[in-house]
Amino acid sequence: MAETQNHILNEVTQGEYKYGFVTDIETETIAKGLNEDVVRKISELKGEPEFMLEFRLNAYRKWLQMEMPEWAHLKIPPIDYQDIIYYAAPKKKAQLDSLDEVDPELLNTFNKLGIPLEEQKLLSGVAVDAVMDSVSVKTTFKETLAEKGIIFCSFSDAVKEHPDLVKKYLGMSVPYDDNYFAALNSAVFSDGSFIYIPKGVRCPMELSTYFRINAAKTGQFERTLIIADDESYVSYLEGCTAPMRDENQLHAAVVEIIALEHAEVKYSTVQNWYPGDKAGRGGIYNFVTKRGLCKGESSKISWTQVETGSAITWKYPSCVLMGENSVGEFYSVAVTNNYQQADTGTKMIHIGKNTRSRIVSKGISAGFSDNSYRGLVKVIPRAENSRNFSQCDSLLLGDKCGAHTFPYIEVGNKSSIVEHEATTSKIGEDQIFYCNQRGISTEDAVAMIISGYVREVINQLPMEFAVEAQKLLQISLEGSVG
Amino acid sequence: MKETVATQNYTAVEDITGLYQSNTELFLEGSPDFMNDVRGKALDDFVRQGIPSTKDENYKYTDLRPVFEGDFNVFPSYVDQEIDFLSLFKCDVPKLDTFVILTVNGWYYQRNRNLDLPEGVIIGSLAQAAREHPELVAQYYGKQVKTGKDPLAALNTLLAKDGLFIYVPDNIVIEKPLQVINLLRAKNDSFSTQRNLFIVGKNSQLKVVFCDHTLSKKKFVSNKLTEIYVQENAVFDFYNIQNQHNESANLNSTFICQKASSNIQINTASLHGGVVRNNLEVLLNGEYAEANVYGISLTDNKQHVDNYTHVDHAKPNCTSNQLFKNVLDEESTGAFAGRIHVWRDAQKTVAFQRNNNVLMSANAKIDTKPQLVIDANDVKCSHGATVGRIDTEALFYLRARGISEKEAKLLLMFAFVHEVIAQIRVKPLQERLDELVDKRFRGEISKCHKCMFDCNPKSLK
Amino acid sequence: MLKINNLHVSIEGKKILKGINLEINPGEVHAIMGPNGSGKSTLANVLAGREDYVIEEGEVTFFGEDLLKLSPEDRARKGLFLSFQYPVEIPGVSMVNFMKTAVNEVRKYRGQKQLTASEFLKLMREKKELVELNSDLASRSVNEGFSGGEKKRNEIFQMAMLEPKLSILDETDSGLDIDALRTVASGVNALKSPQNATVLVTHYQRLLDYIVPDYVHVLYKGRIVKTAGKELAFELEEKGYDWIKKELDEEES
């Protein structure tokens, strides 16, 4: 049976990356390399006010003094930061006021990715901000949302149109000097999405950003800022793809969320950057800093991620639970195959009283990959009656891959309860046999078992995307299961 | 009491280096080449790594620099002192028939009585064994110790002169446990180095009980390193009862290499001690070997206990269990770092690890990082860690039967740590430890504690 | 011995008991019946002193003393015993150690002399027989690994050991097969005396075939809505609770 299993395993893991095409479009770039002039140039190109330039320069100067973190269970080849293009934008005719002005080639690209930007073609419940390389191409349903006072626009537009909000909240969750990659992002980020949900407003549709790396030799550095004012609610989803290239491309994003009193933010990610080929050539380095601040009392931030892409992932979406009774959640499925490496997890920092957090992490490793969960649960002395539960499971689908679990638990409060559980195993032969005996093929059995294994996480996704994510999982693991 | 003193006045790495360099001859004297030849590298390794601090991932929750502050005597040579065996026998475990020997300030006590041992078994001074059986000792000495990655091991290797040597040849079962009363006694604040080496031959069995005590009200730092080789099908038990006073720092490193089908149990009870750091590395280097690694710590005052374990599954079909429990009161702090590493192709590994903690006071703190590093797929591995309070349901049940809240809490705490003690494979020792734990929780430990020393830290100052 | 006057209780802001009045005298057996969620277990737990509940109003006296002020252990020592609906498992605490501690604490409180180890073991053997509890208690932890029936027998065994004045048996019949039920009931009956009283909290009538109550109370929506002799239990068994619900809901509207 082991042989059949290996055979099916190979079939499942050898699914082709569907999004590897390149769009032939004229791109405006600046010269590769990084120095203070490049930082100034980016700011200038974007026509930014002084405070933005200052933010960038502070970050850049700090970054120069920092070192790349080495604590993750990753083998990261040296990165030549002078060999990266820090700004690339599809050449545009003028302002993109209406869809007619969007380059048809771009529309095509997003159509091919399954993200039509014509509003009538979109899923009616989803508003999309499409980001190609460094800049936002188009944001849909802007007007519909504006009626409720919701701001959903590109980061660049937000800097121009809502500078006060940007100034107030930028860097609040993730300070410019937070870590090496966050500092780099703060210095050179080019665009991203900005969301503000006003007091008492429940956002009527899913908001979504679709990120696409297209140009060669470029890095992508986007920045997302979500502010949920008192008693508001928003569900946000991001997706991402990139062309197949032999080179490695750097993606260093920052996401900041601020939830005020009784506000709730649900942030879902389906990460499908190009993972590199079967021999481990090429692929995206996905070094991302995501952090939510549950600033207000009874606020809630929930992270859900389905990570299937990228050559290397370094990512820890976190919650700082400041408000009393605030809640943080982290649901993750991370799949690695071939030579992919992932070191991902979360941090739950309990500061306020009666704060609750829940971590559910499901790792799946196949091929020659390494997949690590790394997490921190910290309860400070005054965070009375805090509660955390973590479940971190790993599934190994081959004998040449690795699955690792590195939780850190720091508790300084006696009335709090923290529980962590982790298991590592392969798919039970008895389970497969049981399915076989009921007439189910091994391949189907494995698919069923995996889908059961990740269900708790997938269920957290908005419905349309749950289906998408399931498919993506099957594709990423196609041929690897047995 | 006569006491020779090497040098005082060191506060940091440079001082230790200086101490060694200006007294090199003393440190080399009486040791064979295989012990002396590695000191040079150990010195370099120690200087490069320095005294472990929280910057070191392996010491993230324990800063040892304050421990090394101050002036200490060190003991590069044996210092004879008279120790009243009779009074120490009171500290013996009742009903437990053991071979008893003493080690003092890291050295094998030369007035130990001869033990009635099976033929071929050696239990004695490492320095002496190294002189009398150089080939045997050299074959094992330092083979598991990576001074380049472990500053305490480097420091120990640099200064090692003596300690306990045990050699059990193949096919010998020693039923009677060996009890080592490991004493610190000096007129001045002292830094001691102890180097132990145990070899348990094929199909042989041995049980060792180490009882750490302090006999004088001085500040002590002891850096003990124990290398253990457990050969095919051998069974080895190692019980550590740590009961030093709260002005002491008890630094322990234990390295165990297991061959096929061997079975070990390590059980460490940290009852007292100012700063306790237990490094434990187990290498399962033969199929069907089994390692059971347990520990409890009961801390109060400003104690700090840090258990660091690393179990390496290098070969298929091995089993390991780790269970560590901590009860922390007052301003004490605790840490646990446990790692299971399953090597590539170490299939059919079964490895479990659990760490449970109870915080009894608002100022106590626990940091724990259980880790799984798994590079083989046909494995059953899990770990769990909890930090919590006493089960309120159970507390209510006990109180509803008329048991006072205080007593009910004691019962529950006792039950909490009993799970670890229940694993001990020497019944009288298990009972004795239960009793010690009970008394420790009731604050009576200093009364029962026969090391002539009142452990209550308030009376220390 | 027990007087409950206008007792109102809530948990997490939700009102459960809304004005309970009840008087229990030595020698009596009371049955408190009612549909699920009527507040039966809440009443039992409040009397035993569980902390999660908030007393909104009313008083309870036990031999003239304010019961609600007392800690759970003092209530037990004064002779109030609760047989738990779901006895909690306490790993690592041996039955012998647990019971010995409890018996001696209660004796100390009552001014009786402490039992020696052999006296205690003798007492234990004697009382174990009463409920046919055969298991080797010395080696087992409190309730750990006990079957449902064993747990309930263990509760009655503890009752026998502690010799309470007032025993509240919370759903002691649930989960018992007919033999276990008979054993438990005969244990309870054997412990009955003119000096003590028993409260049976139950959903079904079948326990009352074995332990005959003097009074049957029906608890519904947090109040005692009907009190009568044992015949009420038979009526409930026959007709279910619906007729009472109907009667009352009609009254309300």
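Computed over heavy atoms, backbone and side chain alike; hydrogens, waters and symmetry mates excluded. The chains referred to below are lettered A, B, ... by the order of the sequence lines, with proteins before strands, and numbering in each begins at 1.
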**Q** Check the surroundings of atom NZ in B:K176: do more than 12 heavy atoms from other residues, nucleotides or ligands lie under 6.0 Å from it?
**A** yes

**Q** Can you tell me how far CD of C:E155 sits from OH of B:Y397, rounded to the nearest 0.5 angstrom?
**A** 3.5 Å

**Q** Is the ring pair B:F396/C:F84 parallel, tilted or perpendicular, if the boundaries are 30 and 60 degrees?
**A**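 Correct class here is perpendicular.
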
**Q** Select one option (side chain, backbone, both, neither) describing which atoms of C:N143 are under 4.5 Å from chain B's heavy atoms.
**A**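 Contact with chain B: side chain only.
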
**Q** Give me the contact list for residues 40-49 of chain C versus chain B, heavy atoms only, anything under 4.5 Å, ordered by residue number.
**A** C:N45, C:A48, C:G49

**Q** Side chain, backbone, both or neither: which part of C:V142 has an atom under 4.5 Å from a heavy atom of chain B?
**A** side chain

**Q** Are more than 12 heavy atoms from other residues, nucleotides or ligands located less than 6.0 Å from atom CZ of B:F352?
**A**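 Atom CZ in B:F352 is crowded, with more than 12 foreign heavy atoms closer than 6.0 Å.
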
**Q** Counting only heavy atoms not in C:K127, do more than 12 fall under 6.0 Å of its NZ?
**A** yes

**Q** What part of C:P164 lies closer than 4.5 angstrom to a heavy atom of chain B: side chain, backbone, both or neither?
**A** neither

**Q** Might you confirm whether atom NZ of B:K427 has over 12 heavy atoms from other residues, nucleotides or ligands at distances under 6.0 Å?
**A**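 Counting neighbours around NZ of B:K427, 12 or fewer heavy atoms of other residues, nucleotides or ligands fall under 6.0 Å, so no.
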
**Q** Say whether, by atom type as modelled, one donor and one acceptor occur between the side chain of C:R77 and the main chain of B:G402 under 3.5 angstrom.
**A**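 Side chain of C:R77 to backbone of B:G402, a donor-acceptor pair under 3.5 Å: yes, one is there.
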
**Q** Tell me the residues of residues 407-416 of chain B whose non-hydrogen atoms fall below 4.5 Å from those of chain C, in number order.
**A**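 The list, in residue order, reads B:E407, B:L411, B:L412, B:A415.
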
**Q** Under 4.5 Å, heavy atom to heavy atom: which of residues 187-198 of chain C reach chain B? Give them by number, or say none.
**A**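 Residues in range: none.
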
**Q** Can you tell which part of C:F98 gets under 4.5 Å to a heavy atom of chain B, answering side chain, backbone, both or neither?
**A**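 Interface part for C:F98: both.
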
**Q** Would you give the length of the straight line joining atom CG of B:L398 to atom OG1 of C:T101, rounded to the nearest 0.5 angstrom?
**A**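 It comes to 9.0 Å.
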
**Q** Got a salt bridge between C:E51 and B:R399, using NZ or NE/NH1/NH2 to carboxylate O under 4.0 Å?
**A** yes

**Q** Quick check: under 4.5 Å, non-hydrogen atoms only, which of residues 66-75 of chain C neighbour chain B?
**A** C:S71, C:P72, C:E73

**Q** Any chance you could measure B:E419, atom CD, to C:S141, atom OG, to the nearest 0.5 Å?
**A**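 B:E419 atom CD to C:S141 atom OG measures 10.0 Å (nearest 0.5 Å).
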
**Q** Could you tell me which portion of B:E393 (side chain, backbone, both or neither) has an atom closer than 4.5 angstrom to a non-hydrogen atom of chain C?
**A**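 Both backbone and side chain.
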
